[in-house]
Amino acid sequence: MRSLLPLVVASFFVASPAFAQDAHAGHGAHAGHGQAASGDHAAHGFLTSPTDGAMTDGSPDWFTATFPHAMTLRTVTVQAEGGAAVSVPVAAAAATTRVSADLPTLRPGNYVLNWTAEGADGHAMTGAVRFMVH
């Protein structure tokens, strides 16, 4: 049974890829920003830290997203497997290509972090990052 645990954990990450959605997917300059598989974040012009599928050595101090154009981070929630989502305070800031939010201390386990950001033109993006804290 113990030899199956790593396989079960690995299949969880493979079966539940991250996503990022542009609320205006298919419209104008934002076409193609729709759903992105975990390995496609860079291909769609944004990166996150922690990255989707990451196995961190301790609790990450913050969540960071880097975009090709200025965005304002609006919301961040983090949810432990089997727990309730916790809202993370997001400081008011001008739109920039790199946004971040301080994370609470996370105990070892599996987490899903959901975020929303908005561009100066009003277009919104949402995403989810799944990661494990060791």
Could you check whether any side-chain heavy atom of [X] comes within less than 4.5 Å of a side-chain heavy atom of [Y], counting everything from C-beta outward?
X	Y	value
Asp102	Pro89	no
Phe63	Val78	no
Val90	Trp115	no

Could you state the interatomic distance from [atom1] ([X]) to [atom2] ([Y]), rounded to the nearest 0.5 Å?
X	Y	atom1	atom2	answer
Glu118	Met71	CD	CE	7.5 Å
Leu73	Phe67	CG	CZ	7.0 Å
Thr77	Asn114	OG1	CG	4.0 Å
Asn110	Gln79	CG	CD	11.5 Å

Does [X] use its side chain to pair, donor to acceptor, with the backbone of [Y] at less than 3.5 Å?
X	Y	value
Ser59	Leu106	yes
Asp52	Arg130	yes
Ser49	Thr51	no

Let me see the working for Met125 and Phe46 under side chain to side chain contact (heavy atoms under 4.5 Å, CB included), right down to the final yes or no.
CA-CA 11 Å; Met125 290 185 75; Phe46 69 93; 3.8 Å; yes
Donor-acceptor side-chain pairing of Thr75 and Thr116 below 3.5 angstrom
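Thr116 and Thr75 do have a side-chain donor-acceptor pair below 3.5 Å.
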To check you understand the geometry: which heavy-atom pair defines the closest contact between [X] and [Y], and what is its length?
X	Y	value
Val88	Pro104	CG2-CD, 4.1 Å
Ala94	Thr72	C-OG1, 4.1 Å
Ala101	Val76	CB-CG2, 4.2 Å
Arg98	Thr66	CG-OG1, 3.9 Å

Is the ring pair Tyr111/Phe131 parallel, tilted or perpendicular, if the boundaries are 30 and 60 degrees?
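Ring orientation of Tyr111 relative to Phe131: parallel.
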Could you walk me through whether Leu103 and Leu113 pass the side chain to side chain contact (heavy atoms under 4.5 Å, CB included) check?
CA-CA 10 Å; Leu103 293 176; Leu113 183 145; 3.8 Å; yes
Take atom CZ of Arg74 as the centre, draw a 6.0 Å sphere, and report whether it contains more than 12 heavy atoms from other residues, nucleotides or ligands.
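Correct, the count exceeds 12.
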